[in-house]
There are 2 protein chains.
Amino acid sequence: MPLENPPGSAFLLAAVGAHAAARFAERVAALDLTPPQVGLLGLIAASPGQSQQQVAQVLGMPPSRLVGLVDALADRGLVERRRNPDDRRLHALHITEAGRAVLDEIGAVGRAHDDALCRSLDADERETLRALLSRIAADQGLRPGVHPGYRSV
Amino acid sequence: MPLENPPGSAFLLAAVGAHAAARFAERVAALDLTPPQVGLLGLIAASPGQSQQQVAQVLGMPPSRLVGLVDALADRGLVERRRNPDDRRLHALHITEAGRAVLDEIGAVGRAHDDALCRSLDADERETLRALLSRIAADQGLRPGVHPGYRSV
DNA sequence: TATTGTTATACTCTATAACTATA
DNA sequence: TATAGTTATAGAGTATAACAATA
């Protein structure tokens with residue numbers, strides 16, 4: 001129940017955000033992917049060649065957790081680990097051609113998801129919503145494009 | 001990373017919503033409560049006398065999960081189970097005076113949380129945001145005041 | 001000795017299903 | 001037999017810490 005009546009923006013944000021995340025998870029499940037895997041794939045595509053430590057740092061998760069995520073994507077040939085010859089401890093992460101193709105599919109899924117979620121808003125209203133949310137995100141210190149839900153406490 | 005550039009409303013909503021939920025969880029943790037407990041307490045206050053089955057139905061969780069949540073609140077004297085004399089299988093849930101007092105504290109915490117989250121928006125903008133989010137929530141079939149994140153798949 | 005990536009372990013949360021008491 | 005509530009069990013997800021390879 002709303003603790004305030006009417007419910008405050010924060011409650012609405014959390015509720016609608018959780019709904020949006022759940023619906024998105026359903027959609028990418030059809031591609032046999034989880035949201036954290038999607039976030040990781042997108043990050044590797046945007047910043048190729050980084051080490052697992054660096055990626056874990058950006059995503060705000062322990063490096064040990066990254067191992068399984070990278071394994072899942074690598075097993076399917078969507079990303080690859082390349083050993084750095086200068087320092088053979090480092091594994092640079094790169095997206096593959098197959099990974100890029102899947103990323104395109106994810107993009108289509110994301111747009112469909114966006115449309116379904118905001119279908120009750122016209123174009124101007126969607127832009128207003130995006131602008132307000134972007135302002136909050138920046139003010140609250142959220143890194144653009146990084147979902148804080150994958151971050152540890 | 002945003003799969004679209006700029007990120008769509010849905011991604012922003014999920015990200016800011018997760019952030020809002022995490023910050024709220026931190027705040028109520030200071031009252032020794034978890035967000036599901038807060039949601040349950042608020043629901044019992046708003047609709048007293050319902051059975052656990054009914055409450056579980058509204059919250060979208062299995063009745064077995066409700067047991068632990070009610071136990072935690074009942075052990076602290078915030079709610080109580082009252083057996084129905086006509087059908088002794090049913091436990092009607094009621095909030096206590098102590099529960100009401102805690103609910104007041106939660107309300108204050110929620111307002112502070114709301115202010116902190118939306119501090120980059122002026123009053124008009126906050127109202128605009130609330131209106132747009134309310135529209136999406138209604139269109140997407142979210143029950144007012146019920147956080148879908150506690151719902152099972 | 002320090003660091004990268006990995007594996008092992010343990011813990012939290014939750015759903016499913018068995019169980020009890022009432023009807 | 002059916003239903004409300006409870007307890008038991010099991011599974012998913014994740015953090016912490018130990019470990020092996022490399023520096």
Side-chain angles (χ1 to χ4, degrees), chain A residues 18 21-22 24-26 28-29 32-40 43-44 47 49-75 79-94 146-153, chain B residues 18 21-22 25-26 28-29 32-40 43-44 47 49-75 79-94 147-153:
Chain A
F24 182 71
E26 285 175 357
V28 297
D32 230 329
L33 290 168
T34 65
Q37 287 170 355
V38 170
L40 174 59
L43 176 56
I44 293 174
S47 314
Q50 301 206 92
S51 73
Q52 295 187 187
Q53 298 277 345
Q54 291 173 313
V55 170
Q57 164 88 22
V58 170
L59 291 179
M61 61 176 64
S64 64
R65 182 176 167 195
L66 209 60
V67 176
L69 292 174
V70 173
D71 281 349
L73 297 179
D75 287 350
V79 304
E80 56 183 22
R81 294 176 166 102
R82 295 191 197 151
R83 291 199 97 107
N84 182 337
D86 295 347
D87 184 342
R88 293 174 43 76
R89 291 174 304 183
L90 281 77
H91 285 180
L93 299 175
H94 291 271
V146 175
H147 193 301
Y150 312 147
R151 165 163 285 108
S152 26
V153 274
Chain B
E26 286 175 355
V28 296
D32 229 329
L33 290 167
T34 65
Q37 289 170 354
V38 170
L40 174 59
L43 175 56
I44 294 174
S47 315
Q50 299 208 92
S51 72
Q52 294 187 189
Q53 298 277 343
Q54 291 173 314
V55 170
Q57 164 87 22
V58 171
L59 291 179
M61 61 177 60
S64 64
R65 182 176 168 197
L66 208 60
V67 176
L69 293 175
V70 173
D71 280 349
L73 298 180
D75 287 351
V79 304
E80 56 182 21
R81 295 174 165 106
R82 296 191 197 151
R83 293 197 97 107
N84 182 336
D86 296 346
D87 184 342
R88 292 174 45 76
R89 290 174 305 182
L90 280 79
H91 286 180
L93 298 176
H94 291 271
H147 193 301
Y150 312 145
R151 165 162 286 108
S152 27
V153 275

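Bear in mind the structure is a predicted one, so any value in this text is a computation, not a measurement. Letters A, B, ... mirror the listed sequences (proteins, then strands); counts begin at 1.
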Between [atom2] on [N] and [atom1] on [X], what's the gap in Å once rounded to a whole number?
X: B/Leu93; N: D/dA4; atom1: CG; atom2: P; result: 13 Å
X: A/Leu90; N: C/dA2; atom1: CG; atom2: P; result: 18 Å
X: A/Leu66; N: D/dA15; atom1: CG; atom2: P; result: 11 Å

Would you please name every residue forming a side chain to side chain contact (heavy atoms under 4.5 Å, CB included) with [X], sequence neighbours left out?
X: B/Arg88; value: B/Arg83
X: A/Pro36; value: A/Thr34, A/Arg65, A/Leu69, A/Tyr150
X: A/Gln57; value: none

A/Val67 side chain: which of D/dG5, C/dT4, C/dT7 is closest?
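The nucleotide sitting nearest to the side chain is C/dT7.
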
Looking for any heavy atom pair under 4.0 Å, which part of the strands does B/Gln53 touch: base, sugar-phosphate only, or nothing?
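The answer is base, as B/Gln53 lies within the cut-off (heavy atoms under 4.0 Å) of a base atom.
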
For nucleotides 16-23 of chain D, give me one character per nucleotide, 5' to 3': B if any protein heavy atom sits under 4.0 Å from the base, S if the only such contacts are to the sugar-phosphate, - if neither.
BB----BS

How close do A/Ala18 and B/Pro148 get, counting heavy atoms only, and between which atoms?
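Residues A/Ala18 and B/Pro148, closest heavy atoms: CB-CG, 4.3 Å.
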
Flag side-chain contact, heavy atom, 4.5 Å: B/Val79 against B/His94
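No. Closest side-chain heavy atoms not under 4.5 Å.
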
Under the side chain to side chain donor-acceptor pair (under 3.5 Å) test, residues paired with A/Glu26 that sit two or more places apart:
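With sequence neighbours excluded, A/Glu26 shows a side chain to side chain donor-acceptor pair (under 3.5 Å) to A/Arg23, given in chain and number order.
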
At how many degrees, to 10°, do the end axes of the helix from C/dT1-D/dA23 to C/dA23-D/dT1 meet when each uses five pairs?
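Taking five pairs per end, the axes differ by 30°.
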
Distance below 4.0 Å between A/Gln54 side-chain N/O and C/dT4 OP1 or OP2
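For C/dT4, neither OP1 nor OP2 has a side-chain N or O of A/Gln54 closer than 4.0 Å.
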
